[in-house]
Every structure is written in C-alpha cells, then in structure tokens.
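Reading through the structure tokens given below for one structure.
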Amino acid sequence: MRHITLSRFLIEEQRSKNVICGDLRLLIEVVSRACKAISIAIGKGGMADVLGSAGSDNVQGEVQKKLDVISNEILLEANEWGGHLAGMASEEMELPHAIPNRYPKGEYLLLFDPLDGSSNIDVNVSVGTIFSVLRCPEGMEPDEKAFLQPGTQQVCAGYAVYGPTTLLVLTLGDGVNVFTLDREMGRFVLTQENVRIPEDTREFAINASNMRFWEPPVQRYINELLAGKEGPRQQDFNMRWVASMVADVHRILCRGGIFMYPLDSKTLAKGGKLRLMYEANPMSMIVEQAGGRATDGRRPLLEIQPESLHQRVPVILGSKNEVERVTAYHLK
Ligand SMILES: O=P(O)(O)OC[C@H]1O[C@](O)(COP(=O)(O)O)[C@@H](O)[C@@H]1O
Ligand SMILES: [Mg+2]
Ligand SMILES: [Mg+2]
C-alpha cells in the first residue's frame, strides 16, 4: 500500500490517466482543505461555541445547527476565490452562490451538503460533508438551471467523515479511494485504493421507526430480512442505523450492506427525505464506482433528470444483489 499524499495522488492521476485536469485538481485540494478546517471546528465541540442550534431555518424548513452554518461558510470562503469554479450550491442556501466579480471564474459547479448527519452533531456521533462536481454547460450562466444535470454528468464526487479518524473518500469516475487525515502533518494520506463493495451482505440500514409509512415492496423486503433463518431468505440479517448518511454509507463501503431511505407516506409530498443533488447523486456515484448499485426503488438514481436544486428522492444503495432484489420487488 503506497501511503502517498492526496496532492501526489492527484498529480499522478493527472499524469498517468489524464482523468483530471489542473483546475479539477485544484478544486479537490481546496475542498479537502475546507474539510480539514471543518474537522478542526467540530473537534473543538463544547470548548468553542459550535454546538447547538443557530436559531435559523434553512430552505428545507429545518432548524440549522451552528455547525451547518459554520461548515457552509468554510466551504464558500475556501472555494470562491480560486478561479476553478463557475458557481456553488449548498443544502444550506436556497439559491446557487455566484462567484463574486472580483474573482476569476472557472468551468466547474460545486454542490455540497456541508454538514451531513446534523441530528448527531451535539451527541458526538460521526457526521460528514458530501460534495459533487459538475461542469457548467457552455455559454450558460451558473444559475439553478445550469446545475440541473443527471448524476451521470458528475466529474467527481466525494465525502468526508468526521469520526474517530477524519476520512476523505473520493471518485474521479475511475474507482474509489480513501484518504486519512494525518493530524500531525495536516494532510490527507492514501490508505485504501480501489475499494470494492461486496455484492452480497447480511446487514441493512433503515430508520425502522418509519415502517408503518413504507410502501408494500419495502415492507415485504424488510419483513423478510427480519424473519431471518425461519423466513424466505433462510438466513439472519443484522441492522445498523447511525442516522448520518456518510457514516452509514461508509460502513457499506468498508464491509457491504444496504442503505435505505425509501419513499413513505410521511415524505410522499416532498418526494422523499434525502436530497438528489448533494446527497443521493454523489453517494450513488461512489457506490456504483465501487461495484454497488443505487436506485430510487424503481430506476437508477444517477439517471434521474433533476427538476430543482433541493429536490428530494427515495434512496436505496449498497451491495448489488440486495439493491437489485428490493428494486425488483418495486417493479413487480
Ligand atoms: O433522522 P432520520 O429520519 O433517521 O434521518 C437521518 C438522515 O437524515 C440526514 O441526517 C439528513 O442529512 P442532513 O443532516 O444533512 O440534513 C442523513 O444524514 C441521515 O441519513
Ligand atoms: Mg445530509
Ligand atoms: Mg446537511
């Protein structure tokens, strides 16, 4: 295992595979530095005034946590002057953030969920940052329309997990690699190359308290898992639910599993709980690049044509054979 830095990894990817150009490399470096700063802010916890609510709501109608706002500002400030972006969009902002005129503009659009797993911030459970990179269509202003591209158009996607260690997980469309933050040196180091998700699993992640609101195909699928050896699946399954998508998905990257936030009668009007552009799409690109599958129960998530920046969708992703099974239950 070559423990090279993120910078060297990106330079070698550029030289050897030409999957990345200078501006995209700069963008990823800047986002990784922002994740480092967020990791430091989170690490201060009760010693600094970063826990609790910010006393404001975001465009989703959710109460913002202080760290939602702090993380959002860190990512905006880090990325707006570099000359690699045409525009940015965030879970915490209703409209895209235009790059101020005093700064040069680039060709990329950056979307992010600055702090994922907000309900876990104040209880010291792993949270994260999720990001997705698109190209701004030729001749288009970086307004909301420019961002509405299917997940297949992503040139890069990643997430950071702020847990016992801080990890950065990245795909450039050529496999998935994991970097660990070396706190002493203050830099990310490659620790896992070309990660593959096992096709089969005995572990599922879903918020079971919503069971009575689920559609029949999900009820059937979960009931079969819960029936275990005595049931039609003739084997036992275990459940995990961290309630931070980054942590639940990272576990799946490490040892397989299926993550589900399906459509239910509570979120029907909104189209689901999780957001397509900066949660479902980047996570789907990573999972599929690692050999897994990602659907909304009926169609591949990456092929969905977005209609709005904060659109919500049902999310089912992880080990190939389980995702295909529960999707087949929906299509029957
Ligand atoms: O509280 P629930 O219903 O278990 O939902 C948990 C889900 O909500 C989220 O926290 C939503 O993300 P944000 O925290 O970024 O709003 C996901 O990370 C997680 O998978
Ligand atoms: Mg989130
Ligand atoms: Mg969030």
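Nothing here was measured: the structure is a model prediction, and the numbers come from that model. Both counts, for ligands and for their atoms, begin at 1 and track the order of listing.
Pocket lining of ligand 1, defined as residues with a non-hydrogen atom under 4.0 Å away: Glu62, Glu91, Asp113, Leu115, Asp116, Gly117, Ser118, Asn207, Trp241, Ala243, Ser244, Met245, Phe259, Tyr261, Lys273, Leu274, Arg275, Glu279.
The pair Glu91-Arg275 meets the salt-bridge criterion, since a charged nitrogen lies less than 4.0 angstrom from a carboxylate oxygen. Using a cut-off of 4.0 Å between Lys/Arg side-chain N and Asp/Glu carboxylate O, Lys65 and Asp122 are scored as salt-bridged. Using a 4.0 Å cut-off between charged side-chain N and carboxylate O, Asp248 and Arg240 make no salt bridge. Under 4.0 Å is where a charged nitrogen must lie from a carboxylate oxygen, and between Arg298 and Glu215 at least one such pair does. Using a 4.0 Å cut-off between charged nitrogen and carboxylate oxygen, Glu224 and Arg233 do not count as a salt-bridge pair. Salt bridge Arg299/Glu303: absent, no basic N to carboxylate O contact under 4.0 Å.
For Phe179 and Phe9, the distance between ring centers is under 6.0 angstrom. Aromatic pair Tyr221/Trp214: ring centres not closer than 6.0 Å.
Protein N/O/S atoms found under 2.8 Å from the Mg ion (ligand 2), listed by chain and residue number: Asp113 OD2, Asp116 OD1, Glu279 OE2.
Shown are Glu29, Arg187, Glu12; of these, the side-chain hydrogen bond (donor to acceptor under 3.5 Å, both in side chains) with Ser7 is made only by Glu29.
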